[in-house]
2 protein chains.
Amino acid sequence: MTYMQAHRYLMQFAIRPSVQRTAVMEYLMNHKTHPTVDEIYLALSPGIPTLSKTTVYNTLNLFIEKGAVQMLTIDEKNARYDADTSKHAHFYCSSCGKVYDFMISKPEVYEFPVNPQFNIHSMQLSYYGTCKNCNN
Amino acid sequence: MTYMQAHRYLMQFAIRPSVQRTAVMEYLMNHKTHPTVDEIYLALSPGIPTLSKTTVYNTLNLFIEKGAVQMLTIDEKNARYDADTSKHAHFYCSSCGKVYDFMISKPEVYEFPVNPQFNIHSMQLSYYGTCKNCNN
DNA sequence: TTCACTGCAAATCATTTGCAAGGCC
DNA sequence: GGCCTTGCAAATGATTTGCAGTGAA
């Protein structure tokens with residue numbers, strides 16, 4: 001995924017593509033590891049020395065508002081961000097703290113239930129446990 | 001749900017039932033609103049004037065460790081706690097911040113998927129949107 | 001020129017830690 | 001006595017806010 005592709009993607013969401021914003025989106029598209037704010041900041045700092053963590057926060061909050069990324073609440077310590085808004089679940093390893101994408105083969109689990117009490121906008125399906133690397 | 005029932009429930013999990021611990025468990029059993037630490041503390045303070053928030057934190061962490069309650073990560077602001085460990089989903093209203101229990105009729109969504117990469121201990125199914133009270 | 005964006009510093013808020021006092025076996 | 005529990009105060013760490021400087025349309 002190139003810088004220009006991230007640039008175009010932002011325009012689709014009517015997000016003005018500044019250098020900082022495009023770099024954050026490019027990073028999210030290329031690193032499907034559901035990074036934290038700190039990880040994004042540390043990764044981009046060398047390339048953009050003036051980057052501040054405030055801008056990373058501002059940028060991610062804007063992306064969420066515009067619907068370009070999803071915030072994951074799977075990890076109680078830090079917010080994590082996912083630019084992949086397609087239907088998939090996540091697995092959180094409580095040993096190493098990594099968040100993995102998790103494809104569930106039953107499509108019906110992703111359907112929004114019908115309930116007159118609730119107007120559902122989105123959902124999150126999260127599994128917890130230990131990953132293979134940590135089990136051995 | 002009485003104090004004595006909460007007391008017995010704690011014993012089942014090999015949790016020494018102090019006055020503070022039993023009061024926290026009794027509160028969780030009687031208020032299925034997925035309270036935050038602060039809500040629990042504020043509710044119990046009048047009855048137990050010496051209670052400290054540290055003790056509420058200690059107590060809830062102990063309950064989680066022993067498997068007597070589940071921590072919900074549905075709300076990115078505060079941890080929330082649920083003494084009902086049976087299979088059910090949750091709905092988070094992004095307008096009023098309330099967390100509702102949400103029964104999903106399809107039992108298959110609660111089944112742990114089989115995947116050699118992951119050793120699954122638990123899951124959370126969370127829906128986001130606005131509730132009926134906030135829509136009107 | 002105007003207005004949105006950026007980034008530093010300070011503030012806020014939830015949670016954890018250190019530690020001393022109290023209570024139970 | 002010894003250990004577990006409690007609770008205060010301080011520390012930590014993520015996130016937000018205030019605000020002034022910068023840059024683009």
Side-chain angles (χ1 to χ4, degrees), chain A residues 6-7 10-11 13-27 34-66 68-81 92 94 97 99, chain B residues 6-7 10-11 13-27 34-66 68-81 92 94 97 99:
Chain A
H7 191 280
L10 290 184
M11 306 257 276
F13 287 94
I15 295 168
R16 215 173 201 156
S18 70
V19 170
Q20 290 89 340
R21 288 172 181 177
T22 311
V24 170
M25 181 52 80
E26 187 191 9
Y27 184 83
H34 322 88
T36 63
V37 167
D38 213 55
E39 286 163 0
I40 298 169
Y41 171 74
L42 290 175
L44 298 182
S45 266
I48 311 173
T50 63
L51 184 69
S52 85
K53 216 177 272 191
T54 302
T55 298
V56 179
Y57 275 105
N58 287 342
T59 297
L60 290 166
N61 286 338
L62 178 70
F63 288 177
I64 289 165
E65 198 181 298
K66 298 283 188 176
V69 309
Q70 194 185 10
M71 178 193 280
L72 304 186
T73 62
I74 193 171
D75 170 4
E76 74 262 27
K77 300 290 178 192
N78 310 296
R80 291 170 170 277
Y81 299 88
Y92 177 81
S94 49
V99 174
Chain B
H7 191 280
L10 290 183
M11 306 257 276
F13 288 93
I15 295 168
R16 211 174 208 153
S18 71
V19 170
Q20 290 88 340
R21 290 171 180 177
T22 311
V24 170
M25 181 53 80
E26 187 192 8
Y27 184 83
H34 322 89
T36 62
V37 167
D38 213 55
E39 284 164 1
I40 298 169
Y41 172 73
L42 290 175
L44 298 182
S45 267
I48 311 172
T50 64
L51 183 68
S52 83
K53 216 177 273 192
T54 301
T55 298
V56 179
Y57 275 104
N58 287 341
T59 298
L60 290 167
N61 286 337
L62 178 70
F63 288 177
I64 288 166
E65 198 182 301
K66 298 283 188 176
V69 307
Q70 194 186 9
M71 178 192 281
L72 304 185
T73 61
I74 194 171
D75 170 4
E76 74 263 27
K77 300 289 179 192
N78 310 295
R80 290 170 171 278
Y81 300 89
Y92 177 80
S94 48
V99 175

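Source: prediction; values computed, not measured. Chain naming here is simple, since letters A, B, ... match the order of the sequence lines and numbering starts at 1 in each.
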Residues A/Ala68 and A/Met25: closest non-hydrogen pair is CB-CE, 4.0 Å
Using a 4.0 Å heavy-atom cut-off across all strands, classify B/Lys77 as base, sugar-phosphate, or nothing. sugar-phosphate
For the side chain of B/Asn61, counting heavy atoms from C-beta on, which of D/dT16, C/dT6, C/dT16 is nearest? C/dT16
Taking the side chain of A/Val37 as its heavy atoms from C-beta onward, which of D/dC8, D/dT15, C/dT6 lies nearest to it? D/dT15
On DNA chain C, does the nearest nucleotide to B/Asn78 precede the nearest nucleotide to A/Thr55 from the 5' side, or the other way round? Give the residue. A/Thr55
Provide, to the nearest angstrom, the distance between the CD1 atom belonging to B/Ile48 and the P atom belonging to D/dG7. 8 Å
Grab the CG-C1' distance between A/Leu62 and C/dA4 for me, whole Å please. 11 Å
So, is A/Tyr57 near the phosphate of D/dT15, with a side-chain N or O under 4.0 Å from OP1 or OP2? yes
Quick check on D/dT6: is either OP1 or OP2 less than 4.0 Å from any side-chain nitrogen or oxygen of B/Ser18? yes
If I take atom CD in residue A/Gln20 and atom P in nucleotide D/dG23, what distance separates them, rounded to the nearest angstrom? 11 Å
Could you tell me whether the side chain of A/Thr73 and the main chain of B/Thr73 form a donor-acceptor pair under 3.5 Å? yes
Take atom CG of A/Leu60 and atom C1' of C/dT6, then tell me their distance rounded to the nearest Å. 15 Å
Measure from CZ on B/Arg21 to P on D/dC4 and round the result to the nearest Å. 11 Å
For a quick check of understanding: with a heavy-atom distance under 4.0 Å over all strands, which category does B/Asp75 fall into, base, sugar-phosphate or nothing? nothing
Which part of the nucleic acid does A/Thr50 contact within heavy-atom distance under 4.0 Å: base, sugar-phosphate only, or nothing? sugar-phosphate
Test your reading of the model: is there a side-chain donor-acceptor pair from A/Arg80 to the backbone of A/Leu72, 3.5 Å cut-off? no
Each nucleotide of nucleotides 17-25 of chain C classed B (base within 4.0 Å of a protein heavy atom), S (only sugar-phosphate) or -, in 5' to 3' order, makes B-------S
Minimum-distance pair of heavy atoms, taken over all atoms of A/Tyr81 and A/Val37: CE1-CG2, 3.7 Å
In whole angstroms, how far is the C1' atom of D/dA14 from the OH atom of A/Tyr41? 15 Å
Nearest atoms (heavy-atom pairs only) where B/Pro46 meets B/Ala43: CD-O, 3.5 Å
Expressed in angstrom and rounded to an integer, what is the separation of B/Glu39 atom CD from C/dC13 atom C1'? 15 Å
Among A/Asn61, A/Thr55, A/Leu62, exactly one meets side-chain contact (heavy atoms from CB on, under 4.5 Å) together with A/Thr59. Which residue is that? A/Thr55
Expressed in angstrom and rounded to an integer, what is the separation of A/Asp38 atom CG from D/dT12 atom P? 17 Å
How would you list, by chain and number, every residue that makes a side-chain contact (heavy atoms from CB on, under 4.5 Å) with B/Ile40, sequence neighbours excluded? B/Val24, B/Tyr27, B/Leu28, B/Pro35, B/Leu44, B/Val56, B/Leu60
